[in-house]
Protein chains: 2
Amino acid sequence: MSQTVDRALSILPLLAQGPADLGQVAERLGVHKSTALRLLRTLHEHGLVYRQEDQRYRLGARLFALAQEAVENLDVREIAHTHLVELNEQCGHTVHLAVYEENEVLYIDKVESRYPVRMYSRIGKPVAITVAAVAKLLLADLTEPERRVIAERLDYPLYTSRSTPNAGAFLKELAVVREQGWATDLGGHEESINCVGAPVRGADGRVVAAMSVSAPNVVVTAEELLTLLPLVRRTADAISREYSGTTHAKKA
Amino acid sequence: MSQTVDRALSILPLLAQGPADLGQVAERLGVHKSTALRLLRTLHEHGLVYRQEDQRYRLGARLFALAQEAVENLDVREIAHTHLVELNEQCGHTVHLAVYEENEVLYIDKVESRYPVRMYSRIGKPVAITVAAVAKLLLADLTEPERRVIAERLDYPLYTSRSTPNAGAFLKELAVVREQGWATDLGGHEESINCVGAPVRGADGRVVAAMSVSAPNVVVTAEELLTLLPLVRRTADAISREYSGTTHAKKA
DNA sequence: TCGGGTGTTGCATCATGTGCAACGGGCATT
DNA sequence: AATGCCCGTTGCACATGATGCAACACCCGA
């Protein structure tokens, strides 16, 4: 809508892929170098972009600070975290937390199976929306027309033979998930990985987040993983209760 | 330099303080509502801003995804290398760079004392984790329970009489290192070799890598090597600054 | 039904961002 | 040293695109 800002913001994802020099930025934006320079300078003044020693541009520290604040404002995450860790201790597998925002499903927290060391590895990355259990849970809560619109617009990459093949199958799956209140991904993203997930609901009953447990089937079979379902649902419900309880405490 | 972009970007820190509606944004920016609307819409299209159900605007999760992607594509080694070379030129000794990954500490770069050329022979090899200065620095940054778990699982080979003998001593050493912000290895790996090291930190303050200077005590005594500590720390800090993209943001 | 509070749209004005062309500085090649 | 090339940078004339206004649409409470 605003051409100048639009161009400036387009620089950010571009730089997220790696450092670039002025010429590269200008070229990939399709504008004159001098224009790119002024945009970069403005971004720089706001600290969103950093100029490293070889004069190439990178995303700057301010962006990380903003991202931090953005994620802190998602208070579901804070509330959920201890529950996720607890669940991880009980079952030993990887636990994910995700939210839906602007046609994307994003992981916002993750507890690794073995040791809680390398935790933040993939957080922030968009989820395979057509197959992931958490994605199904979040989309299943939308209204029927919303679901249809989104389902039509998606691509259906065949990660494996069990990936959701098309919009029809996806909508059907969403209906099932909506009905039963939990979801699975049985080898739909990676052949050997299965997941079980459950929704976190706010005070009004709407799904605000979704969580799942993932495990490779060399460790546990799909059936065994399903026996964890009650535990997963109990955890999700515990988070929901705590979230609903505190969510009304609004501050100025 | 670019008024439009400048205004648009000023919205972000504003929203970082908490959600705001159109009127508030327009007022605090000092522009007409319609102008603020168009700016917000542009930010929205790029996912940097999210419109919650009460129509107020919030920072979007995309920011988080963006920052995450940038971090993953950041190459500490690339950034550090020139600094390591520079340090090597100043002190003449061997300089190492290491990271912690999967319960191991790995050298990822090395500048030799004599020949500043490639001696990649040992890069990629695991470090003597119980004695090396860089290993102490990297492990010292983990949480207390993590440190304990790891310390228990390690072997404590007695390379020399001054090697760390057991888990208790190691944990104690890590506490010291954590406290003082630098580390040494005085003949703990090879009788005649001493090292001084300092940590490289990311934007969030966590240690992402560690560097050290090593020299045989036939060339310099341990005390002489310690006089290099300020230089080593300054170099590590310079790398940290560049890695985290610290920049001076201008105020309105 | 009204009134005050939002967010939204179309439009005329001109401030602003734009591309051009010329400059300068670093670096490698000769 | 001298040369040429490749970047980043600057000043400027032009017109594009951002701006504020005023009117409209909507929701809620009175």
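Per chain, numbering begins at 1; letters A, B, ... match sequence-line order.
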query: Given D:dG20, is OP1 or OP2 found less than 4.0 Å from the side-chain N or O atoms of B:T35?
result: yes

task: Measure across A:P165 and A:A169 and return the closest heavy-atom pair with its distance rounded to 0.1 Å.
output: CD-CB, 3.7 Å

query: Please give, in whole Å, the distance from D:dG8 P to A:D54 CG?
result: 10 Å

query: Under 4.0 Å between a side-chain N or O of A:R38 and OP1 or OP2 of C:dG17?
result: no

message: Mind checking if A:S2 touches a base, just sugar-phosphate, or nothing, with heavy atoms under 4.0 Å?
response: sugar-phosphate

- prompt: How close or far is atom P of C:dG5 from atom NZ of B:K33, stated in whole angstroms?
  reply: 11 Å

Distance, rounded to the nearest Å, where B:L40 contributes CG and C:dT9 contributes P: 14 Å

- request: For the side chain of A:S34, starting at C-beta, report the closest nucleotide among C:dT8, D:dT10, D:dG20.
  value: D:dT10

query: Is there a side-chain polar atom (N or O) of B:T4 under 4.0 Å from OP1 or OP2 of C:dG17?
result: yes

statement: From CG of B:L22 across to P of C:dT9 the rounded distance in Å is 12 Å

query: Regarding A:R58 and A:Y50, is there a side-chain donor-to-acceptor distance under 3.5 Å anywhere?
result: no

field: Closest-nucleotide 5' rank along DNA chain D - winner of A:Q55 and A:M1
entry: A:Q55

- line: From NE2 of B:H32 across to C1' of D:dG20 the rounded distance in Å is 5 Å

field: Derivation and outcome, side chain to side chain contact (heavy atoms under 4.5 Å, CB included), residues A:I11 and A:V25
entry: CA-CA 7 Å; A:I11 293 177; A:V25 172; 4.0 Å; yes

query: Distance only, no hydrogens: is a donor on one side chain within 3.5 Å (strictly under) of an acceptor on the other, for A:D109 and A:H81?
result: yes

message: Rounding to an integer number of Å, can you tell me how far B:L37 CG sits from D:dA25 P?
response: 17 Å

Evaluation steps, side chain to side chain donor-acceptor pair (under 3.5 Å), between A:E146 and A:T143: CA-CA 5 Å; A:E146 281 173 332; A:T143 67; 3.2 Å; yes

message: So, OP1 or OP2 of C:dT9: does either fall under 4.0 Å of a side-chain N or O from B:R41?
response: yes

- prompt: Over how many whole Å does the gap from B:Q3 atom CD to C:dC14 atom P extend?
  reply: 16 Å

task: Select base, sugar-phosphate, or nothing to describe what A:R56 touches, counting heavy atoms under 4.0 Å on all strands.
output: nothing

task: Check the distance between C:dG7's C1' and B:D21's CG and give it to me in whole angstrom.
output: 10 Å

